[in-house]
Amino acid sequence: CICNCVASGHCRLSSHIPDVCKTEDCCLGIDEAGRGPVLGPMVYGICFCPVSKKDDLKDLKVADSKTLTETERENLFQKLDEARSYIGWALQILSPNTISTSMLQRSKYNLNALSHDTAIGLVQYALDSGVQLTEVFVDTVGPAEKYEEKLSQLFPGVKVTVRPKADSLFPVVSAASICAKVARDRVVKGWNFAEQLGEVDSDYGSGYPNDPKTKAWLLKYLDPVFGYPQFVRFSWSTAQTLMDSKSVTVHWDDDDEDGEKAAQRQNNRSMLSYFSASSGANDQTPAHQPHRFFTDRRLKSLDAL
């Protein structure tokens, strides 16, 4: 079954590799779900079957997952699973935290590069598992010609076809699209909030940045110091804009100036002040209770080293 992946990382799920896929020439489709939302993971999926079984796959009436209802997708995924004697699939679930930390690391690594590397990893997984790949069909990310050339060089001997809207052109890509979308829906519905937020409001709309319900949810669950739960892609501009306008402003100390004095000049607080024993409290004011970030990790303030 498809389960929730670790919130801070990523995981791969896969079906049994049909024996026939190890002995006959096979085709493979690649597609993703959840590229644009500010909430939840992105899921890449592959689906493969013998070239001789293309018509059988087509007869299952698979279609682009975006044109189907959730119930229709679930039913089609069940049909794909029931055809396990000749159809296989694999999924790579990239958590919101993985996406954002990848995009914000010092060396440039954008969403297209992350998508390409994930797709390449899944094709390599199929080959390593013994699938006799001769054809690969991919829904494009970036310029189709460059992506097709890149994949063809990486996998010599495999005929690669990269096309826009491939999920509506090739049934094997449609099948991959269904696997990816079903997995993302299940992960989102069953998301385990490690931040212990209590009863979390699940009415966050579509998860896309321009959805008013999504924006309201982001505002509701924005912690003024620690930002968002790991369900949120904090690198998305929508999330960053809200953090810039609603979060506590602090001064990050560096080696070039005295942090406390510099913060005072800007009528601000130094970041180090949040780690002091009293966080600014005086004798008449009780010390603030430590945030769950510290209590969960059993962290305590030190007056001296």
Side-chain angles (χ1 to χ4, degrees), residues 26-51 53-77 79-80 83 87-94 99 110-123 125-126 133-155 158-185 187-188 206-211 233 236:
C26 291
C27 60
L28 178 148
I30 309 173
D31 201 13
E32 51 77 22
R35 179 180 173 85
V38 67
L39 302 177
M42 179 169 71
V43 180
Y44 253 83
I46 59 171
C47 191
F48 49 88
C49 72
V51 174
K53 294 287 188 177
K54 277 186 178 181
D55 289 340
D56 297 70
L57 178 60
K58 189 175 181 179
D59 289 343
L60 294 179
K61 308 297 183 184
V62 291
D64 174 13
S65 66
K66 293 185 289 294
T67 67
L68 304 171
T69 66
E70 183 176 352
T71 300
E72 288 171 334
R73 288 192 297 268
E74 286 281 352
N75 289 338
L76 281 169
F77 181 76
K79 287 184 178 180
L80 292 171
I87 292 176
W89 54 264
L91 302 164
Q92 190 75 31
I93 302 175
L94 303 173
I99 295 168
N110 61 27
L111 193 61
N112 280 5
L114 178 62
S115 298
H116 284 192
D117 288 346
T118 304
I120 290 165
L122 284 169
V123 174
Y125 164 77
L133 287 185
T134 57
E135 301 175 356
V136 169
F137 301 89
V138 189
D139 200 354
T140 192
V141 175
E145 296 80 6
K146 289 185 178 180
Y147 194 14
E148 185 172 293
E149 182 182 0
K150 179 180 182 178
L151 292 175
S152 297
Q153 290 177 349
L154 286 170
F155 302 108
V158 177
K159 179 176 174 52
V160 178
T161 302
V162 179
R163 294 287 185 276
K165 309 293 184 183
D167 47 4
S168 61
L169 298 174
F170 308 107
V172 72
V173 181
S174 301
S177 173
I178 289 166
C179 292
K181 187 68 171 83
V182 167
R184 175 177 153 81
D185 287 347
V187 169
V188 168
S206 65
Y208 281 85
N210 60 353
D211 188 327
R233 301 179 191 178
W236 259 230

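Positions are given from 1 along the sequence. Since the structure is predicted, the reported quantities are computational estimates derived from the model, not experimental observations.
Contact annotation: the side chain of Ile99 approaches that of Leu114 to within less than 4.5 Å [non-hydrogen atoms, C-beta and beyond]. At a threshold of 4.5 Å between non-hydrogen side-chain atoms, the residues Val62 and Pro171 count as touching. Between Val187 and Val43 there is no side-chain heavy-atom pair separated by less than 4.5 Å. Glu32 has its side chain out of reach of Ser115: every pair of non-hydrogen atoms, C-beta onward, lies at least 4.5 Å apart. Side-chain contact between Ile46 and Trp89: absent, with no pair of heavy atoms (C-beta onward) separated by less than 4.5 Å. For the pair Cys49/Cys27, a side-chain contact is recorded, criterion being any heavy-atom separation below 4.5 Å from C-beta on. You'll find the side chain of Val136 stays beyond 4.5 Å of the side chain of Thr161, heavy atoms only. Counting heavy atoms from C-beta on, the side chains of Leu80 and Cys179 come closer than 4.5 Å.
In terms of heavy atoms, Leu91 sits closest to Gly45 at CD2-CA, 3.8 Å. The nearest pair of heavy atoms linking Ala144 to Pro164 is CB-CD, 4.4 Å. The minimum heavy-atom distance linking Asn112 with Val141 is given by the pair OD1-CG1, 3.2 Å. For the pair Val188 and Pro41, the tightest heavy-atom approach, listed with the atom from each and the gap, is CG2-CD, 4.0 Å. Heavy atoms only, all atoms of each residue included: Gly36 and Pro209 are closest at O-CD, 3.8 Å. What you find for Tyr44 and Ala119 is that their closest heavy atoms are CE2-CB, 4.0 Å.
Using a 4.0 Å cut-off between charged side-chain N and carboxylate O, Lys54 and Glu135 make a salt bridge.
A distance of 8.0 Å separates OG in Ser177 from CG in Leu68, rounded to the nearest 0.5 Å. Gln92 CD to Asp117 CG: the interatomic distance, rounded to the nearest 0.5 Å, is 11.0 Å. Here the straight-line distance linking atom CD1 of Ile178 with atom CZ of Arg73 works out to 9.0 Å at 0.5 Å rounding. Distance CG/Asp55 to CG/Leu60: 11.0 Å, rounded to 0.5 Å. Atom OG1 of Thr118 and atom CD1 of Ile93 lie 12.0 Å apart (nearest 0.5 Å). Rounded to the nearest 0.5 Å, atoms CG (Asp59) and NZ (Lys79) are 10.5 Å apart.
Distance alone, capped at 3.5 Å, places no donor-acceptor pair between the Arg35 side chain and the Met42 backbone. Checked by atom type and distance alone, the side chain of Arg233 pairs as donor or acceptor with a backbone atom of Gly40 at under 3.5 Å. A distance-only check finds a donor-acceptor pair linking the side chain of Glu72 to the backbone of Thr69 [under 3.5 Å]. Put simply, the side chain of Ser152 never gets that close to the backbone of Val160: no donor and acceptor are under 3.5 Å apart. Listed for the His116 side chain is no donor-acceptor partner under 3.5 Å among the backbone atoms of Tyr147. Distance alone, capped at 3.5 Å, places no donor-acceptor pair between the Asp139 side chain and the Asp31 backbone. No donor-acceptor distance shorter than 3.5 angstrom exists from the side chain of Asp167 to the backbone of Val173, with no hydrogens or angles considered.
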Which is it for Ile87 and Cys47 under the side-chain contact (heavy atoms from CB on, under 4.5 Å) test, yes or no, and what are the steps along the way?
CA-CA 7 Å; Ile87 292 176; Cys47 191; 3.6 Å; yes

Please report the C-alpha distance between Phe48 and Val172 in whole Å, then the side-chain angles of each, then the deciding distance to 0.1 Å, and finally whether the side-chain contact (heavy atoms from CB on, under 4.5 Å) criterion is met.
CA-CA 7 Å; Phe48 49 88; Val172 72; 5.6 Å; no

Take Ile120 and Phe155 through the test side-chain contact (heavy atoms from CB on, under 4.5 Å) and record every step on the way to the result.
CA-CA 9 Å; Ile120 290 165; Phe155 302 108; 3.9 Å; yes

Going through the checks in order, is the side-chain contact (heavy atoms from CB on, under 4.5 Å) test met by Val158 and Thr134?
CA-CA 5 Å; Val158 177; Thr134 57; over 6 Å; no

For a salt bridge (charged side-chain N to carboxylate O under 4.0 Å, His left out) check, start with the C-alpha distance between Glu148 and Arg163, then their side-chain angles and the critical distance, and finish with the verdict.
CA-CA 9 Å; Glu148 185 172 293; Arg163 294 287 185 276; 3.3 Å; yes

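Within the structure, salt bridge (charged side-chain N to carboxylate O under 4.0 Å, His left out) contacts touching residues 168-181 (residues at least two apart or in different chains) are Lys181-Asp185.
When the shell of 6.0 Å around NZ of Lys61 is examined, it contains 12 or fewer heavy atoms from other residues, nucleotides or ligands.
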